Amino acid sequence: WADGIGPQCFVVLLLERVSDNEFRLTLCNKGQGLEYHPCSVREAPKIKYQACMDLGTVPAEKICDRGFLLMLFSQRMKHESHRVEVFYDAILGWLTNRSLFETLQHVASTTPDAMDVEYR
C-alpha cells in the first residue's frame, strides 16, 4: 500500500488452489504491518515475528470478486486511505469473514502445525 506519507509497503499473497471452490491463503510481510503478525519473545528482549501467516481457506468467489481485486490493487496508488490497518482489518477481514485474530485462532485449531513455524 502507499499512503503518500510513509514508505511504500509490499506484501506477498500466496494462493494455493485446494479445490475448485477454495484457495489456501498465505500472507508474507517483513515490513510495515508486521505488528499484525504473531510474534515470539522466547529470545527476550528481542521480539521475533512470523513473517508468513497461513490464513486458511478462502472461497474462490471472494478471490475472484472484482470489488476485492479493485481494493487490493488500488492499495498501490498513493492515497491517504491506503493504510496498513485498511489492508489487515478491512480487506483481509472481508476475505476471511473474520477478524485477523479470529482467523489465526481458527487456523490454529483446524491445522495442527499452522503455528509451528520459524519466527524471524
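As the structure is a prediction and not an experimental result, all values here were calculated from the model.
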Visitor: Mind listing the closest non-hydrogen atom pair of A51 and K30 along with its distance?
Guide: CB-CD, 3.4 Å

Visitor: What is the distance from atom CG of L55 to atom OG1 of T26, rounded to the nearest 0.5 Å?
Guide: 7.0 Å

Visitor: Do you know which two heavy atoms are closest between Q50 and C52, and how far apart they sit?
Guide: NE2-O, 2.8 Å

Visitor: When you measure from the side chain of R98 to the backbone N and O of F101, does any donor-acceptor pair fall under 3.5 Å?
Guide: no

Visitor: Can you tell me how far CZ of F68 sits from CD1 of I91, rounded to the nearest 0.5 angstrom?
Guide: 7.0 Å

Visitor: Hey, what do you get for CG (L100) to NE2 (H37), rounding to the nearest 0.5 Å?
Guide: 7.5 Å

Visitor: When rounded to the nearest 0.5 angstrom, what distance separates CD1 in I63 from CG in N21?
Guide: 13.0 Å

Visitor: To the nearest 0.5 Å, what is the distance between OG1 on T103 and CG on N97?
Guide: 8.5 Å

Visitor: Does V11 share a hydrophobic cluster with L14, counting links as ILVMFWY side-chain heavy atoms below 4.5 Å and allowing steps through other members?
Guide: no

Visitor: Ignoring hydrogens and geometry, is there a side-chain-to-backbone donor-acceptor pair from E102 to S99 under 3.5 Å?
Guide: yes

Visitor: Taking all atoms of both residues into account, what is the closest heavy-atom pair of P38 and L104, and its distance?
Guide: CG-CD1, 3.8 Å

Visitor: Quick one: are R42 and K48 in side-chain contact, heavy atoms under 4.5 Å?
Guide: no

Visitor: Do L69 and L92 land in one hydrophobic cluster if side-chain heavy atoms of ILVMFWY residues count as linked below 4.5 Å?
Guide: yes

Visitor: Counting C-beta onward and ignoring hydrogens, is there a side-chain heavy-atom pair between Y49 and N29 closer than 4.5 Å?
Guide: no

Visitor: Do K62 and W94 make a side-chain contact, defined as non-hydrogen atoms from C-beta onward lying under 4.5 Å apart?
Guide: yes

Visitor: Counting neighbours of CD on E35 that are heavy atoms of other residues, nucleotides or ligands and sit closer than 6.0 Å, is the number greater than 12?
Guide: yes

Visitor: Identify the two heavy atoms, one from I47 and one from C39, that lie closest to each other, and give their separation to 0.1 Å.
Guide: CG2-CB, 3.8 Å

Visitor: In Å and rounded to the nearest 0.5 Å, what is the CG to CG distance from L15 to L27?
Guide: 10.5 Å

Visitor: Report yes if some heavy atom in the side chain of L72 is under 4.5 Å from a heavy atom in the side chain of L13; otherwise report no.
Guide: yes

Visitor: Do other residues, nucleotides or ligands put more than 12 heavy atoms under 6.0 Å from the CD atom of E85?
Guide: yes

